[in-house]
Structure formats: C-alpha cells, structure tokens
Amino acid sequence: MPEGHTVHRTANDFNRLFAGEPVFVSSPQGRFESGARMIDGHTLVKAKAIGKQLFLKFDNQLTLRIHLGIYGKWNTHKVGYLDAPEPVGQVRARFGNLNAVTDLRGPTVCEVITQEEVRAVERRLGPDPLNPDPNGRESQRFIDRVAASKAAIGLQLMNQDVIAGIGNVYRAEILFRAGIDPHTPGNQLSQEQLREIWADSVDLLKVGVKTGFMITRDELRTKRPTKSERNFIYKREGLPCRICGTNISIELMAARKLYFCVGCQK
C-alpha cells in the first residue's frame, strides 16, 4: 500500500498536469460512470493529499476522493486525451487534457463527494506530517491522540485517525530511529519522545516526496541506494542490525508485519 509521500507526489503531479484546466474524466471499466459524469469537463481547482487519501477539487464544488488501498495504481501517458492508447486492464477512471492522460486502476475508494463530506473526512483523519503546521497545532493533535491511549505506539502509528500517511515501512523505521520499543503504550511515552517522532515523520516523508523513495538512512539521502540499502530494519528480519548487530526481529501486530531490533529499541 502506498504511504503518504507517494500520494503527495501524485497530488503534485495532478496540480502540475491538470490544475486550472478542464479535465476529461471517463470510466473505461464502467464502475465509475456516474461519478465521472459529475466532474467530466470541469476545471480542476486543486489536488491535495491528506495521508494516504487524494482529494481532487473541481470548480462545481464537488471533490473526487481516492484511496488506492493495497491494489490501486496510477499510470500516466504524456500524450493528449484524444491520442492516448486504449485502456489496458480494469481502468476505473481516466483523467486527461490536451497534454497528458492518467489512468487509475484498483482503488479501494473512488467517489465524488460534497465539500461538507470532505470536511467530515478531514475531521476524522489524523494530522498529516506533510501538510503545513505553522502554529504547531497538528503536531500537538498527534501528541494528544497518542498520549490519550494505552494502545501500543506500533499500532497507533498505523492508525490513520492518529497520524495520516504512515505505513508499515515508516512505522518500523521511525520507531527504530527513535529507539522506542513498538510495544510501548502510547500514554507511557513522554511529550518529548512524541514530539521527536512527529518531527522525524515530517523529515522522512519530505525526503520521500523529493526522491520518490523511502530512504531512512540519513547518510544515503544524496546517493542512489539500492532498495535493500535504503532502510535500517524493514524487511531485514534475521539479519544483523546495522547499528548494534542484533538480529532484526519480526512478528505480527494487528495482522501486519512488525520489524524491530530488541538491541536498539528497549
């Protein structure tokens, strides 16, 4: 499942390719025909991401909400809508103008909603480290939500109502970098620890937006590391920790694979 940095990159692409212009919208697969008709030919005002969800706001006050889920994918063609190749596979929605076409396949959510419904989703979602936080309100909202729960911090970081955009890779890497046992109840962490988790989330996701990769080893940010080199512990179960040499552990936490180092995360 794409994590928050990927969805923000998609929002940036939509703003670059389509914002300020009418967008042709269709549903080659047929499952989104009624929604496509509601926004087809309207001008895209702005694309924005909140965590793993993409919101495309149109000039008729309707918004398309998209959540890729596990199987959703985008495919962009650098040709005009009329010159684009025939859709291949189950394309839920096709977006295009005279310069580019983007196909959406397999999303968990693809629905047209009102502005009131957008606000309801925004209220439910937790703060997104990649969205502006000039007054520190979003970071404090994260801190307050974690501190109010006895649930393990490893569970809370995957809860999109607590913090939006963190997935399995960032969860593992952020807690490793903080030296925090993922089983620690949220209400047992200090304000300083939670503030550091938030700040590191902001930093790492920004790197992801810039590079397109989840690179969590600071010394590799300016290089082109291989996939196996980018992270400290993710998918390295049974291998020596890059810091202390202890073999990386793996277990299931709420049906998701949890990676951690018992030597560094005490």
task: Would you check if the side chain of His77 reaches a backbone N or O of Val79 as a donor-acceptor pair within less than 3.5 Å?
output: no
Between the NZ atom in Lys257 and the NZ atom in Lys235, the distance rounded to the nearest 0.5 Å is 7.0 Å
> Any donor and acceptor pair, going by atom type alone, linking the side chain of Gln53 with main-chain N or O of Val121 inside 3.5 Å?
Replying inline: no
Tightest non-hydrogen contact, residues Lys266 and Gly263, listed as CE-O, 2.9 Å
Quick note, salt bridge (Lys or Arg N to Asp or Glu O under 4.0 Å) partners involving residues 157-171, not counting sequence neighbours, are Arg124-Asp161
- Please step through side chain to side chain contact (heavy atoms under 4.5 Å, CB included) for the pair Glu138 and Asn131, ending with a clear verdict. CA-CA 9 Å; Glu138 294 298 273; Asn131 285 329; over 6 Å; no
- Message: Closer than 3.5 angstrom, by distance alone: can the side chain of Asn60 be matched with the main-chain N or O of Met38 as a donor-acceptor pair?
- Response: yes
Nearest heavy-atom contact between Ala172 and Ile233 is O-CD1, 3.5 Å
> Can you tell me if Ser27 uses its side chain to pair, donor with acceptor, with the backbone of Arg92 under 3.5 Å?
Replying inline: yes
Q. Given the rule in the side chain to side chain contact (heavy atoms under 4.5 Å, CB included) test, do Leu204 and Arg221 qualify, once you have shown the distances and angles that lead to the verdict?
A. CA-CA 10 Å; Leu204 292 180; Arg221 291 186 181 186; 3.7 Å; yes
* **Side-chain donor or acceptor of Gln188 paired with backbone N/O of Pro185 under 3.5 Å** => no
Rounding to 0.5 Å, atoms OG (Ser201) and CG (Leu157) come to a distance of 6.5 Å
Hey, are the side chains of Ile180 and Ile153 touching, using non-hydrogen atoms and a 4.5 Å cut-off? yes
Student check: side-chain heavy atoms of Arg145 and Arg141 closer than 4.5 Å
yes
All heavy atoms of Ile50 vs all of Gly126, minimum pair found to be CG2-O, 4.5 Å
So ring-ring contact (aromatic ring centres under 6.0 Å, His included) across residues 6-60, not counting sequence neighbours, yields Phe14-Phe18, Phe14-Trp74, Phe14-Phe95, Phe24-Tyr81
Checklist entry - Does any N or O in the side chain of Asp133 come within less than 3.5 Å of the main-chain N or O of Ser139, such that one atom is a donor and the other an acceptor? => result yes
Please check if the side chain of Thr43 supplies one atom and the backbone of Val45 the other of a donor-acceptor pair under 3.5 Å. no
(request) Give a yes or no answer on whether the side chain of Ser149 reaches the backbone of Val146 with a donor-acceptor pair at less than 3.5 Å. (result) no
Query raised in the report: Distance only, no hydrogens: is a donor on one side chain within 3.5 Å (strictly under) of an acceptor on the other, for Asn97 and Glu21?
Result: yes
Path from Val101 to Val91 over hydrophobic side-chain contacts below 4.5 Å = no
task: For atom CG of Leu239, decide whether the heavy atoms of other residues, nucleotides or ligands shown that lie under 6.0 angstrom number more than 12.
output: yes
Salt bridge (Lys or Arg N to Asp or Glu O under 4.0 Å) filter on Arg236, not counting sequence neighbours, yields none
For residues 109-161, the ring-ring contact (aromatic ring centres under 6.0 Å, His included) pairs (sequence neighbours left out) are Phe142-Trp198
### Query
Should Asn231 and Arg217 count as side-chain neighbours, where that means a heavy-atom distance under 4.5 Å?
no
task = Begin with the C-alpha distance, continue with both residues' side-chain angles, and end with the deciding distance and a verdict on side chain to side chain contact (heavy atoms under 4.5 Å, CB included) for Gln61 and Thr114.
result = CA-CA 7 Å; Gln61 299 303 305; Thr114 66; over 6 Å; no
Separation between CD (Gln265) and CG (Asp181), nearest 0.5 Å, reads 7.0 Å
Nearest heavy-atom approach of Val262 to Ser249 is CG1-OG, 3.9 Å
Answer yes if Met158 and Leu175 sit in the same cluster of Ile, Leu, Val, Met, Phe, Trp and Tyr residues linked by side chain heavy atoms under 4.5 Å apart, and no otherwise.
no
message = Please check: side-chain N/O of Gln193 versus main-chain N/O of Ser190, any donor-acceptor pairing under 3.5 Å?
response = yes
CG (Asp59) and CG (Leu44) are apart, to the nearest 0.5 Å, by 9.0 Å
With heavy-atom distances below 4.5 Å as the criterion, would you say the side chains of Leu56 and Thr63 are in contact? no
Considering only heavy atoms from C-beta outward, does the side chain of Cys264 approach that of Thr246 to under 4.5 Å?
no
From the list Leu68, Leu64, Leu54, side-chain contact (heavy atoms from CB on, under 4.5 Å) partner of Cys110 resolves to Leu64
Ala254 and Leu155 have their tightest heavy-atom pair at CB-CD2, 3.5 Å
Check your understanding: Is the closest side-chain heavy-atom distance between Val109 and Ile66 below 4.5 Å?
Key -> no
inquiry  = Is there a path of hydrophobic side-chain contacts, each under 4.5 Å between heavy atoms of I/L/V/M/F/W/Y residues, joining Ile113 to Leu62?
reply    = no
So ring-ring contact (aromatic ring centres under 6.0 Å, His included) across residues 230-266, not counting sequence neighbours, yields Phe176-Phe232, His183-Phe260, Tyr234-Tyr259
Go through the steps for Arg224 and Glu229 under the test salt bridge (charged side-chain N to carboxylate O under 4.0 Å, His left out), then give the verdict.
CA-CA 9 Å; Arg224 296 185 64 85; Glu229 295 173 330; over 6 Å; no
- [ ] Answer yes or no: is there a donor N or O on one side and an acceptor on the other, between the side chain of Asn168 and the main chain of Glu3, under 3.5 Å?
- [x] no
Is there a continuous path of hydrophobic side-chain contacts, each under 4.5 Å between heavy atoms, that joins Ile215 to Ile248? no
Practice problem: For atom CZ of Arg16, decide whether the heavy atoms of other residues, nucleotides or ligands shown that lie under 6.0 angstrom number more than 12. | Solution: yes
Salt bridge (Lys or Arg N to Asp or Glu O under 4.0 Å) pairs touching residues 96-116, sequence neighbours excluded, are Arg65-Glu111, Arg94-Asp103
- Got Arg230 and Met214 here, is their nearest side-chain heavy-atom distance under 4.5 Å? no
Closest heavy-atom pair, Val7 versus Gly51, reported as atoms and distance to 0.1 Å, is CB-O, 3.6 Å
dist Leu220:CG -> Thr226:OG1 (nearest 0.5 Å) comes out at 8.5 Å
CD1 of Ile197 to CD of Gln156, rounded to nearest 0.5 Å, is 9.5 Å
- Message: Would you say that Leu17 contacts Thr76 through its side chain, given a criterion of any heavy-atom pair below 4.5 Å between the two side chains?
- Response: yes
> Which is it for Tyr170 and His5 under the ring pair (Phe, Tyr, Trp, His ring centres under 6.0 Å) test, yes or no, and what are the steps along the way?
Replying inline: CA-CA 10 Å; Tyr170 283 127; His5 73 288; 5.6 Å; yes
ask   = side chain to side chain contact (heavy atoms under 4.5 Å, CB included) between Ser26 and Asp40: does it pass, once the steps are laid out?
value = CA-CA 7 Å; Ser26 63; Asp40 180 35; over 6 Å; no
Out of curiosity, does Ile143 fall in the hydrophobic cluster containing Val202 (side-chain heavy atoms, cut-off under 4.5 Å, transitive links)? yes
Check the pair Arg177, Asp218 against salt bridge (charged side-chain N to carboxylate O under 4.0 Å, His left out), reporting the backbone distance first and the verdict last. CA-CA 10 Å; Arg177 286 164 60 97; Asp218 294 346; 3.0 Å; yes
